[in-house]
Amino acid sequence: MDQADQAISRHGANRRNITMMLIAAAVFSLMDMAMKLLSAHYPAMQVAALRALVSLPLVGAYVVWRGAHRTLLQIRWPMHLLRAVLGIAMLALFAYGLKTLSLAEAYTIFFIAPALITALSVVFLKERVNRGQWIAVAVGMGGVLVALRPSGTGFFTMGGLAVLCAATFYAVAAISARILSRTDRSEHMVLWLMVMMAIGATALALPGWLPLRAEDTLLLCALAVTGFVGQLAITEAFGSGEASKVAPFEYSALAWGVGLDWLLWQVLPDHYTMLGAAIIIASGIYLIRHEDTHAGAEHP
């Protein structure tokens, strides 16, 4: 294949993967909407448990379809347990944040994750980060402070701090996933994450577990389907092509968040949130486009 054919093939893969990323962002936004609606009636840890429990049947069927069930026990158990602990904390904190924040506000703060991943990659993956990337990390952190309100009233809200902590756990989980992907199949990573999160989060939620309401059945079904479809879409998005071309379209979730906030709760983000989002997204796109490699992606 000559260079022209390779360029055409790469362009086609990028267009297909960008489409899958847009689908993933949309579907995950619907999943987060379901989590926000559920968090109004159930404790945050119970919502985290439900997120894992309802996805298990679909994930299990997918693993069997892919033929990965034959080697399910051939994994690095300590790394999977670490990812499960991080995943439980991340989901519970994110669900807690959604109790008081709009989707747009939560996404804006959570978008700091690429900057955190870049910083952590230096420590855990021994990757090189140049001066421009460190500046982008600092700029992204500044964007979070803007979104959390420079007056201080927003900074000390528990919801904002919970989502910021969730983004930190997400970044550590992403680093651990990169390490784990060197030896373990992606199907095993997804399945064991859901299994361990379902067990761990359910055990932690049991003391304050509230009976499920019949009127939430559709929401739980939506949570299962959107979580599963979104994971498949984002995996496909990073399956081929150039990650630096695809990853920035993950920020389209903010548009979905704004739209869903207005449609369901008649809430629009204020100027601090939008300014903070612009700063964080700009720094994130810079980091993504200057990243040499990308080992895949996950979502809470």
Side-chain angles (χ1 to χ4, degrees), residues 20 22-63 83-84 86-107 110 159 162-163 166-167 169-170 173 187 189-206 208-236 250 252-254 256-257 259-261 263-265 297-300:
M20 296 307 297
L22 291 172
I23 292 172
V27 173
F28 276 137
S29 297
L30 294 175
M31 183 194 78
D32 293 336
M33 175 197 71
M35 288 182 60
K36 181 173 175 62
L37 291 170
L38 289 169
S39 68
H41 303 285
Y42 304 102
M45 188 59 71
Q46 184 172 344
V47 174
L50 291 172
R51 159 71 177 97
L53 287 168
V54 298
S55 299
L56 268 180
L58 293 174
V59 172
Y62 173 71
V63 169
R83 292 181 68 240
L86 293 169
I88 291 170
M90 174 181 61
L91 272 178
L93 287 165
F94 192 76
Y96 180 83
L98 288 177
K99 286 179 176 287
T100 56
L101 299 179
S102 67
L103 288 174
E105 288 172 329
Y107 287 164
F110 201 85
V163 174
F169 283 120
Y170 172 84
E187 296 91 344
M189 291 168 64
V190 174
L191 178 64
W192 283 113
L193 179 64
M194 288 297 109
V195 169
M196 293 179 181
M197 282 175 51
I199 295 172
T202 300
L204 292 172
L206 276 180
W209 190 276
L210 297 179
L212 299 181
R213 308 184 310 168
E215 55 265 40
D216 292 329
T217 301
L218 288 179
L219 269 182
L220 292 171
C221 291
L223 189 64
V225 173
T226 53
F228 177 69
V229 172
Q231 193 64 56
L232 292 185
I234 202 168
T235 300
E236 179 66 22
E250 189 170 5
S252 63
L254 182 60
W256 283 96
L260 291 170
D261 282 337
L263 181 65
L264 296 178
W265 296 282
E298 298 182 327
H299 192 278

Determine the minimum heavy-atom distance between [X] and [Y], stating which atoms define it.
X: Ala92; Y: Ala44; value: O-CB, 3.4 Å
X: Ala95; Y: Ser39; value: O-CB, 3.7 Å
X: Ala34; Y: Leu223; value: CB-CD1, 4.2 Å
X: Ala49; Y: Trp209; value: CB-CZ3, 4.0 Å
X: Ser55; Y: Met194; value: CB-SD, 4.0 Å
X: Ala25; Y: Ala253; value: CB-N, 4.0 Å

Is there side-chain contact between [X] and [Y], with at least one heavy-atom pair below 4.5 Å?
X: Val47; Y: Leu91; result: no
X: Asp216; Y: Tyr42; result: yes
X: Met20; Y: Ile234; result: no
X: Thr235; Y: Val190; result: no

Backbone N/O of Pro43 and side chain of Lys99: donor-acceptor pair under 3.5 Å: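 No, because the side chain of Lys99 does not come within donor-acceptor range (under 3.5 Å) of the backbone of Pro43.
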
Side-chain donor/acceptor of Thr202 to backbone N/O of Ile199, under 3.5 Å: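 Looks like no, no N/O pair under 3.5 Å.
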
Give, for atom [atom1] of [X] and atom [atom2] of [Y], the distance between the pair rounded to the nearest 0.5 Å.
X: Met33; Y: Thr226; atom1: CE; atom2: OG1; answer: 8.0 Å
X: Leu219; Y: His41; atom1: CG; atom2: NE2; answer: 8.0 Å
X: Leu98; Y: Glu105; atom1: CG; atom2: CD; answer: 10.5 Å
X: Gln231; Y: Leu58; atom1: CD; atom2: CG; answer: 12.5 Å
X: Trp192; Y: Glu187; atom1: CH2; atom2: CD; answer: 14.5 Å
X: Leu254; Y: Ser29; atom1: CG; atom2: OG; answer: 9.0 Å

Test side-chain contact (heavy atoms from CB on, under 4.5 Å) applied to Leu260 and Leu30, step by step: CA-CA 8 Å; Leu260 291 170; Leu30 294 175; 4.3 Å; yes

Tyr96: side-chain hydrogen bond (donor to acceptor under 3.5 Å, both in side chains) partners, not counting sequence neighbours: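 Once residues adjacent in sequence are excluded, Tyr96 has no partner under the side-chain hydrogen bond (donor to acceptor under 3.5 Å, both in side chains) criterion.
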
side-chain hydrogen bond (donor to acceptor under 3.5 Å, both in side chains) involving Gln46 - partner list, sequence neighbours excluded: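 side-chain hydrogen bond (donor to acceptor under 3.5 Å, both in side chains) check on Gln46 returns nothing, list empty.
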
Verdict with reasoning, Leu37 to Trp265, per side-chain contact (heavy atoms from CB on, under 4.5 Å): CA-CA 10 Å; Leu37 291 170; Trp265 296 282; 3.5 Å; yes

With sequence neighbours excluded, what pairs up with [X] under the side chain to side chain contact (heavy atoms under 4.5 Å, CB included) test?
X: Ala222; result: none
X: Leu232; result: Tyr62, Phe228
X: Val229; result: Val27, Val225
X: Leu204; result: Met45, Ile88

More than 12 heavy atoms from other groups under 6.0 Å of CG on Leu218: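 No, not enclosed.
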
Partner residues of Asp261 under the salt bridge (charged side-chain N to carboxylate O under 4.0 Å, His left out) criterion, sequence neighbours left out: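 Once residues adjacent in sequence are excluded, Asp261 has no partner under the salt bridge (charged side-chain N to carboxylate O under 4.0 Å, His left out) criterion.
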
Step-by-step side-chain contact (heavy atoms from CB on, under 4.5 Å) determination, Tyr107 to Val163: CA-CA 9 Å; Tyr107 287 164; Val163 174; over 6 Å; no

Pair listing, salt bridge (Lys or Arg N to Asp or Glu O under 4.0 Å) test, anchored in residues 221-234, at least two apart: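 Those involving residues 221-234 do not exist here.
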
